[in-house]
Amino acid sequence: MASTMLSIASASPSASLSMHETLKRGKVKLGSVKLTPGLMMKTKQSFGRVSMAVAVNVSHFEGVTMAPPDPILGVSEAFKADTTDKKLNLGVGAYRTEELQPYVLDVVKKAESIMLERGENKEYLPIEGLAAFNKATAELLFGADSAALKEQRVATVQGLSGTGSLRLAAALIERYFPGAQVLLSSPTWGNHKNIFNDARVPWSEYCYYDPKTVGLDFEGMIADIKAAPEGSFILLHGCAHNPTGIDPTPEQWEKIVDVIQEKNHIPFFDVAYQGFASGSLDADASSVRLFIERGMELLVAQSYSKNLGLYADRIGAINVVCSSADAATRVKSQLKKLARPMYSNPPIHGARIVANVVGDPTLFNEWKAEMEMMAGRIKNVRQKLFDSLSSKDNSGKDWSFILKQIGMFSFTGLNKAQSDNMTNKWHVYMTKDGRISLAGLSLAKCEYLADAIIDSFHNVS
């Protein structure tokens with residue numbers, strides 16, 4: 001520890017003040033001379049003067065400031081501290097049952113039983129991850145008959161769920177595309193900006209959400225993509241846009257492809273909800289496949305937190321579709337080189353679950369059925385919330401935007417003050433941008449939530 005030595009003479013007024021401050025800060029009590037741990041004090045008297053030498057141990061980490069709480073995970077902490085029975089946690093995007101309890105998929109339990117029976121070991125995986133997982137995840141995303149896969153033009157590396165896969169891709173951009181910027185939708189998932197900031201990759205935003213319609217600002221989106229410097233990375237949400245739940249239509253996706261291709265941009269997809277949004281794996285991957293059909297090179301980050309409920313297993317992948325097999329081989333080698341000092345190699349448990357589920361026709365069909373069930377429950381809750389708002393609100397406001405949104409989230413259109421009212425008065429915990437997670441809502445709680453939204457919308461400016 002570093003130390004500070006102070007010498008104070010009682011005859012000096014300024015020294016007395018300095019001594020007072022020193023004692024106050026060092027928590028020294030006169031008379032009893034009690035010191036905080038690590039504090040030393042020596043006194044010496046000569047010729048009517050008292051000298052005092054104080055050695056104060058100072059931490060090398062004094063310059064480290066307190067970080068603000070995470071805006072999403074902090075919501076859960078506040079929720080846990082609330083003792084009210086009516087409280088609702090609509091902040092974190094994690095699937096819940098109708099009883100609002102965490103859900104472990106039956107097909108996951110069966111896959112884990114198979115793994116236990118086999119007695120598989122816990123040896124390190126290669127840097128790129130489990131080969132069976134990488135094959136399965138790429139085929140799920142691009143389709144088993146994908147020309148890109150058949151021509152070996154895809155570099156797939158297992159990552160630490162969606163976040164870790166995005167971070168690995170960001171490191172690749174920083175190293176091999178210096179100066180290139182990433183365009184993020186406004187708004188986007190809160191962690192996207194953190195990831196690119198941490199990787200020192202510059203980013204800007206393109207228009208996406210229109211507060212007037214609580215819908216997609218498509219014209220603004222196209223204009224911003226056109227205006228971006230050629231060769232920019234355009235980050236797109238493959239399905240179930242987070243936080244808005246607003247996706248482009250198939251016709252709009254066609255136009256988005258046209259503009260990105262025209263500007264020689266590089267599409268960068270974040271696919272966190274494949275199969276979970278609509279209940280169909282193929283439908284939720286259609287946007288990505290459209291770009292590949294146009295012959296474009298692109299990046300895609302995947303996550304299995306939502307569609308298989310493997311939140312804690314941190315299982316995902318980064319895929320880079322290249323124009324040739326040779327380019328894919330080189331890109332994969334560099335992804336592995338970047339991963340090695342970050343985390344060495346990925347975890348095996350979740351990768352085996354995915355490989356076992358996708359590789360077994362019976363388990364695969366059971367998984368699809370469970371995804372349809374989960375997606376169906378959220379659709380039912382979405383419908384019930386709309387019905388409750390429409391029947392309770394006599395102002396004539398159109399709440400149909402809730403039904404037009406898709407996936408786990410709904411962007412309510414509430415501002416920060418109104419969102420604060422939701423929490424402070426109604427004990428509804430949500431992010432301050434007005435996003436709610438419908439996965440944390442039950443049919444039984446829809447009317448209560450509708451009352452909270454109506455009150456906040458009309459009575460809080």
Side-chain angles (χ1 to χ4, degrees), residues 71-72 93 162-163 165-167 169-170 173 180-199 201-229 231-263 265-274 276-277 284-288 290-291 296 298-303 306 401 404-415 431-437:
I72 297 177
T163 301
S165 301
L166 287 162
R167 183 63 181 80
I173 293 171
Q181 69 171 352
V182 176
L183 265 70
L184 308 174
S185 65
S186 178
T188 192
W189 177 48
N191 214 18
H192 278 150
K193 295 176 182 179
N194 296 334
I195 290 167
F196 294 108
N197 282 338
D198 196 57
V201 174
W203 56 266
S204 60
E205 295 180 300
Y206 60 86
C207 290
Y208 195 85
Y209 173 69
D210 183 353
K212 295 179 181 178
T213 63
V214 196
L216 177 64
D217 181 2
F218 184 65
E219 292 183 2
M221 177 183 184
I222 293 299
D224 285 348
I225 293 175
K226 281 185 176 180
S232 296
F233 289 81
I234 313 299
L235 196 141
L236 303 161
H237 299 229
C239 61
H241 182 274
N242 181 1
T244 68
I246 303 164
D247 286 357
T249 65
E251 294 75 23
Q252 289 171 333
W253 274 119
E254 292 279 357
K255 179 65 174 176
I256 293 168
V257 177
D258 290 340
V259 174
I260 290 178
Q261 199 163 25
E262 174 189 325
K263 290 288 297 184
H265 294 321
I266 304 171
F268 184 174
F269 280 91
D270 185 358
V271 178
Y273 305 97
Q274 186 185 358
F276 190 85
D284 291 346
S286 60
S287 59
V288 175
L290 175 62
F291 281 72
M296 299 186 70
L298 51 87
L299 292 79
V300 191
Q302 292 172 278
S303 168
K306 308 300 190 298
F401 63 84
K404 296 174 184 176
Q405 297 167 354
I406 188 174
M408 179 176 286
F409 301 108
S410 176
F411 220 50
T412 61
L414 298 178
N415 60 32
T431 53
K432 301 307 180 184
D433 57 4
R435 187 196 79 172
I436 58 174
S437 172

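Of all heavy-atom pairs spanning E254 and L290, the tightest one is OE2-CD1, 3.6 Å. Scanning all heavy atoms of the two residues, the minimum distance from R435 to D433 falls at N-OD1, 3.1 Å. For A170 against A199, the heavy-atom pair with the smallest separation is CB-CB, 3.6 Å. A pairwise comparison of heavy atoms in L216 and D210 identifies C-CB, 4.4 Å as the closest pair. The two residues G413 and Y209 have their closest heavy-atom pair at CA-OH, 3.7 Å. Minimum heavy-atom separation, P267 to I260: CG-CG2, 3.9 Å.
Note that CZ of F196 and CD1 of I173 are 5.5 Å apart. Values are rounded to the nearest 0.5 Å. Summarising the geometry, atom CD1 belonging to I234 is positioned 12.5 Å from atom CG belonging to L298; distances are rounded to the nearest 0.5 Å. How far NZ of K404 is from OG of S410: 12.5 Å, rounded to the nearest 0.5 Å. Remark: I195 CD1 to L184 CG distance equals 9.5 Å, nearest 0.5 Å. Rounding to the nearest 0.5 Å places CD1 of I222 at 10.5 Å from CG of D217. In this structure, CZ on F218 lies 5.0 Å from CD on Q252, to the nearest 0.5 angstrom.
When side chains are defined from C-beta on, I256 counts as touching P248, because their heavy atoms get closer than 4.5 Å. Between M408 and N242 the shortest side-chain heavy-atom distance does not fall below 4.5 Å. Annotation: side chain of F268 is not in contact with side chain of L183 (no heavy-atom distance under 4.5 Å). Two residues are said to be in side-chain contact when any heavy atoms from C-beta on lie closer than 4.5 Å; T188 and E205 fail this criterion. Residues Q181 and P229 meet the side-chain proximity criterion, which asks for heavy atoms closer than 4.5 Å.
Side chains of S287 and H237: no donor on one and acceptor on the other come within 3.5 Å. Between the side chains of W203 and N197, at least one donor N or O sits under 3.5 Å from an acceptor N or O.
Between the side chain of Q405 and the backbone N or O of F411 there is at least one donor-acceptor pair closer than 3.5 Å. A donor-acceptor pair under 3.5 Å is formed between the side chain of D284 and the backbone N or O of A277. Looking only at distances, no side-chain donor or acceptor of N415 sits under 3.5 Å from a matching main-chain atom of G434. Put simply, the side chain of H265 gets close to the backbone of S232: a donor and an acceptor are under 3.5 Å apart.
In K255, the NZ atom is not crowded: 12 or fewer heavy atoms of neighbouring residues, nucleotides or ligands sit closer than 6.0 Å.
In this pair, W189 and H192 present their aromatic rings perpendicular. The plane angle is above 60°, beyond the 30 to 60° band. The aromatic rings of Y208 and Y206 lie perpendicular to each other, with more than 60° between the two planes, well past the 30° mark.
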Under the criterion side-chain contact (heavy atoms from CB on, under 4.5 Å), I'd like the reasoning laid out for L299 against F233: C-alpha separation, chi angles, the key distance, then a yes or no.
CA-CA 9 Å; L299 292 79; F233 289 81; 3.8 Å; yes
